[in-house]
Each structure stands twice: as C-alpha cells, then as structure tokens.
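To keep things clear, I will list the structure first and then write my remarks on it.
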Protein chains: 2
Amino acid sequence: MSTLANAPYHHGNLRQALLEAALIILDREGEAGLGLRDLARAVGVSAAAPYRHFDSRAALLEALAVTGFQRFAATMEAVAATNPVDPMSAMGKTYVFFALENANLFRLMFSPQLKKEGRPGLKMAADAAFETLRHIVGGDIRAGRIKALAAWAKVHGLAILLLDGQIAVRAGEDTEALIAEIIGSL
Amino acid sequence: MSTLANAPYHHGNLRQALLEAALIILDREGEAGLGLRDLARAVGVSAAAPYRHFDSRAALLEALAVTGFQRFAATMEAVAATNPVDPMSAMGKTYVFFALENANLFRLMFSPQLKKEGRPGLKMAADAAFETLRHIVGGDIRAGRIKALAAWAKVHGLAILLLDGQIAVRAGEDTEALIAEIIGSL
DNA sequence: ACCCCAGTGTTAACGGTGCTCACATATATT
DNA sequence: AATATATGTGAGCACCGTTAACACTGGGGT
C-alpha cells in the first residue's frame, strides 16, 4: 500500500520533481546555493537518490540549462507569432527581458562552468535555440552575417550588463524604456 | 638570518605572492580550479596561512578581480595614449582582446558569484575602470548616453560571446578581422 | 501465480573543501 | 631586554559531491 500513508518508497517520477525543485531553488538562491543535499531534502528523498537520475551535479545543472534554452526559444517564438511591426527590436526586447526575468537561469545557461566542450547536450540545446532565433529574424538579416552578429552581441551584452547591475538605471527612469532606446539605437 | 637555507618561517610578503600565484592558476585552470590548499602549497605555505591575508576565498577572488579591473583600465589608457585615428573602434578592439587574452580573469571580473552588493571594493574598482573608459572616449560620446551604452553593450556582448565560443569563427577566418568588422558595423 | 530482476531508493562512508582555533615563531615597539 | 603584535603551523570541524553495499518494489516471462 503506497497509496496513502506517508512517503512511498519509490517516489514516482523523481527526475522531474528534482528538476522542478531545482529550478525554484536556482531562481531564489542562484547556482551556488543549489546543493544536492538540500535539493534532495526539498523533494523528500535521500542525498544519494539524485544520482539515479543524474550522473553528477554538473549533469543536473546541464539539464537545467537545457530547459532554459528551450524556454528561451519558446518565448522568442511566442513573441514572433504575434507578428510585431518591428520584429528585430521586439526580439531584442524579449531577449533582454527573458534574461532579467530569469536571471539565475540565464546566468546558468551561459555559465563558464558548463563549458560546452564535453557537454554536447548543452551545446545542442543552445545551438537549437539560436537556430530558431536565426530563423525567426531571418528576413531581416539578409543585411549580412556581420550585422546579425553585431545585433546579437549588443542585445546579449545589454542583458548581461543589466543583470550585473553595471548599467545604472537612474532614479525614476523606466528600465523598459531605456532598453527599448538602446536596442533602437543601431 | 632567514636569508639562505630553506624556507624562512615568515614568508616576507605572502599576500603579494599569493595573488601572483593565484593569477597564474586562475589563468590556467579557471576559477573553479583555484583551491586554497593548492594555492598555499604552490607558494610553499600551510593551508591556513592565506587566512592571515584574506578573510575568505571570496575575498581572495575579489582581490584578483580588482587587479583585473586595474589592468583593464591600464590597458585601455595605454591604447588611448597612442592617439589612434578612430578612438572608439580602437577601444572596442582592445576591450575584446583583453577579454580573450585574459579569459578567466575577465570572467571572474564579471562573475555573478562576486555580487557587487556587499562587495564594495570590487564595485569601486569596476566603477573606476569604467570611469576612465568614459573619460577616454568622452569626446566621442557627446552623441549621448544611449549611444554610449549601446556601444558598450555591443562590445561587452561580443567579448562574452566569443569567450564562450558562441560566435563560431569559421575555418580560415581571421578572428581579429571579424572583431573589427563587427565593431565597425554601428 | 510465481519468481526474479532491473529500477529506484537508503544508509554509511570516503576524500576533499573552506574555514577556525590553539599554539609556535618571528618582527616591531618600548 | 621584555613584551606586544603580526604572521605561519597543525589539527580538526562541518559540509560537500560522490560512491558502494544493501533494501524495497513493481512488472515481465515462464
């Protein structure tokens, strides 16, 4: 009888539960605050249990980053589906907002700790996300690869500088408007 | 006489030696590979000795990042002193090259682990570096704050994307030329 | 209906880490 | 010279990721 009472021996689908709990902890505490023991306890399982589903902590982080890239691509596609008047700047704003709203996840996605070499799953997820991105803005990119890379760099850099608080948003200044202005300035 | 013979009890100036050794290890192994025990052994001192000079590992990392910002500012000033024909793009290239040539140090300088809140020394060093940067390109920046931020974002983003290998440099392509092109494309 | 076995969870422990404390030693001060 | 302060040592703490040996459990083959 594992139906009622407390804590069946087998969790059901632990892997998913771990990922969900990990995303919450990551969001709140950042990558450094995501320990396997805490995570396991949060899901109500022993410290060694996660190793049945992830080879290592790094593998768990990689899985999180992969879902991050998937969410990222989905967000971008959702915006593109609204057929905005200015697709490029709409995508840019979405890019930056995604970073700000999912700060720790975004950081993890581009964390140097998860070096793409030897982590092919992550590289594939990232490439897939950027491939859809490239496809979405494809029409506006015939200007050439250089322009596309420059736009990407600007948007990505803006996201990171905002994330790190390097770009000071002045008192009473609207962050959203500032972002729009910077993106608009080609 | 601690002159000759081996290993005087007091190191002389350990703090400096630690920083120098740490910079080397950081460059080779990255932040994750910089352990206090290894570092202490590399300098020929016990594992607890570094704590006489740094409150914690994070404080040591902060000190490294601070010197990183100082070197960064110095590099920028050195280039500016050559009175390049196109100061903005010269600074941009230097920015990106600094990141590529000091990859792990650059990553540390902008590491989310060293959140500037509660780490005022680092924030001051970063602000100082960017202040000199702003001063150097001041003449070209009257175009307005937005344009300046956009340029910064582009250069910073380019540095990071290259660092993470996200921007694929095609076979036989000259990285330096690619950087120059992207920076040039305003 | 049974068995058993692959999958999943547990407990205990290992090595390594950052860090602290009590103590030893060298340098500076008076 | 005597003492105070700074600096280094060694042992050990708590915690972490990780592994190994064992326990439970549900499902598939006979």
Side-chain angles (χ1 to χ4, degrees), chain A residues 1-22 25-26 28-65 108 111-115 118-119, chain B residues 1-22 25-26 28-65 108 111-115 118-119:
Chain A
M1 284 284 123
S2 54
T3 51
L4 285 176
N6 41 12
Y9 192 91
H10 284 70
H11 178 284
N13 76 351
L14 183 60
R15 183 184 166 98
Q16 193 60 26
L18 284 171
L19 285 176
E20 287 169 12
I25 297 179
L26 174 68
R28 278 207 315 255
E29 321 256 1
E31 179 259 298
L34 180 54
L36 284 197
R37 285 176 148 93
D38 306 1
L39 175 60
R41 197 176 319 118
V43 177
V45 95
S46 86
Y51 285 90
R52 297 290 167 194
H53 302 273
F54 300 98
D55 284 349
S56 63
R57 190 184 109 106
L60 186 266
L61 292 180
E62 177 182 350
L64 292 177
L108 181 65
S111 168
Q113 303 192 35
L114 272 49
K115 47 189 181 303
R119 211 121 237 147
Chain B
M1 279 294 119
S2 53
T3 51
L4 285 176
N6 41 14
Y9 191 92
H10 282 69
H11 179 283
N13 75 350
L14 184 61
R15 183 184 165 99
Q16 194 59 26
L18 285 171
L19 286 175
E20 287 168 12
I25 296 179
L26 174 68
R28 279 207 314 256
E29 321 257 1
E31 179 259 298
L34 181 54
L36 284 196
R37 286 174 149 92
D38 305 2
L39 175 60
R41 197 174 320 117
V43 178
V45 97
S46 86
Y51 286 91
R52 295 291 168 193
H53 302 274
F54 301 98
D55 284 349
S56 64
R57 191 184 108 105
L60 186 266
L61 292 180
E62 176 183 351
L64 292 178
L108 180 65
S111 168
Q113 302 192 37
L114 271 49
K115 48 189 181 300
R119 212 124 237 148

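No experiment lies behind these values; they were computed from the predicted model shown. Every chain is numbered from 1 and lettered A, B, ... according to where its sequence line falls, protein lines coming before strand lines.
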Next on the checklist: Could you tell me if the side chain of A/Leu64 sits less than 4.5 Å from the side chain of A/Leu34, heavy atoms only?
Outcome noted: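 Touching, per the 4.5 Å side-chain cut-off.
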
Checklist entry - Got B/Leu19 and B/Leu60 here, is their nearest side-chain heavy-atom distance under 4.5 Å? => result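 They are in side-chain contact.
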
Minimum heavy-atom separation for [X] to [Y], with atom names?
| X | Y | answer |
| --- | --- | --- |
| A/Ala63 | A/Phe54 | CB-CE2, 3.9 Å |
| A/Ala22 | A/Leu39 | N-CD1, 3.6 Å |
| B/Ala49 | B/Leu14 | CB-CD2, 4.0 Å |
| A/Arg119 | A/Ala58 | NH2-CB, 3.4 Å |

Checklist entry - Can you list every pair that meets side-chain hydrogen bond (donor to acceptor under 3.5 Å, both in side chains) and has a residue in residues 34-60 of chain B, with sequence neighbours left out? => result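 Qualifying pairs, neighbours excluded: B/Glu31-B/Arg57.
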
Checklist entry - Axis-to-axis angle across the helix from C/dA1-D/dT30 to C/dT30-D/dA1, five pairs an end, to 10 degrees? => result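 Overall, the helix from C/dA1-D/dT30 to C/dT30-D/dA1 bends by 0° from one end axis to the other.
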
Tabulated below should be each protein N or O lying under 3.5 Å from an N or O of nucleotides 15-20 of chain D; please produce it.
residue: D/dG17; atom: OP1; partner: A/Leu36; partner atom: N; Å: 3.4
residue: D/dG17; atom: OP2; partner: A/Leu36; partner atom: N; Å: 3.1
residue: D/dG17; atom: N7; partner: A/Arg37; partner atom: NH1; Å: 2.3
residue: D/dG17; atom: O6; partner: A/Arg37; partner atom: NH2; Å: 3.1
residue: D/dT18; atom: OP2; partner: A/Tyr51; partner atom: OH; Å: 2.8
residue: D/dT18; atom: OP2; partner: A/Arg57; partner atom: N; Å: 2.7
residue: D/dT18; atom: O5'; partner: A/Tyr51; partner atom: OH; Å: 3.1

Checklist entry - In whole Å, what is the span from the NE2 atom of B/His53 to the C1' atom of D/dT5? => result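 It works out to 14 Å between those atoms.
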
Checklist outcome for this item: From CG of B/Asn13 across to P of D/dA6 the rounded distance in Å is 17 Å

Item to check | Those residues that, when tested against A/Glu29, pass side chain to side chain contact (heavy atoms under 4.5 Å, CB included) (two or more places apart) | outcome: A/Ile25

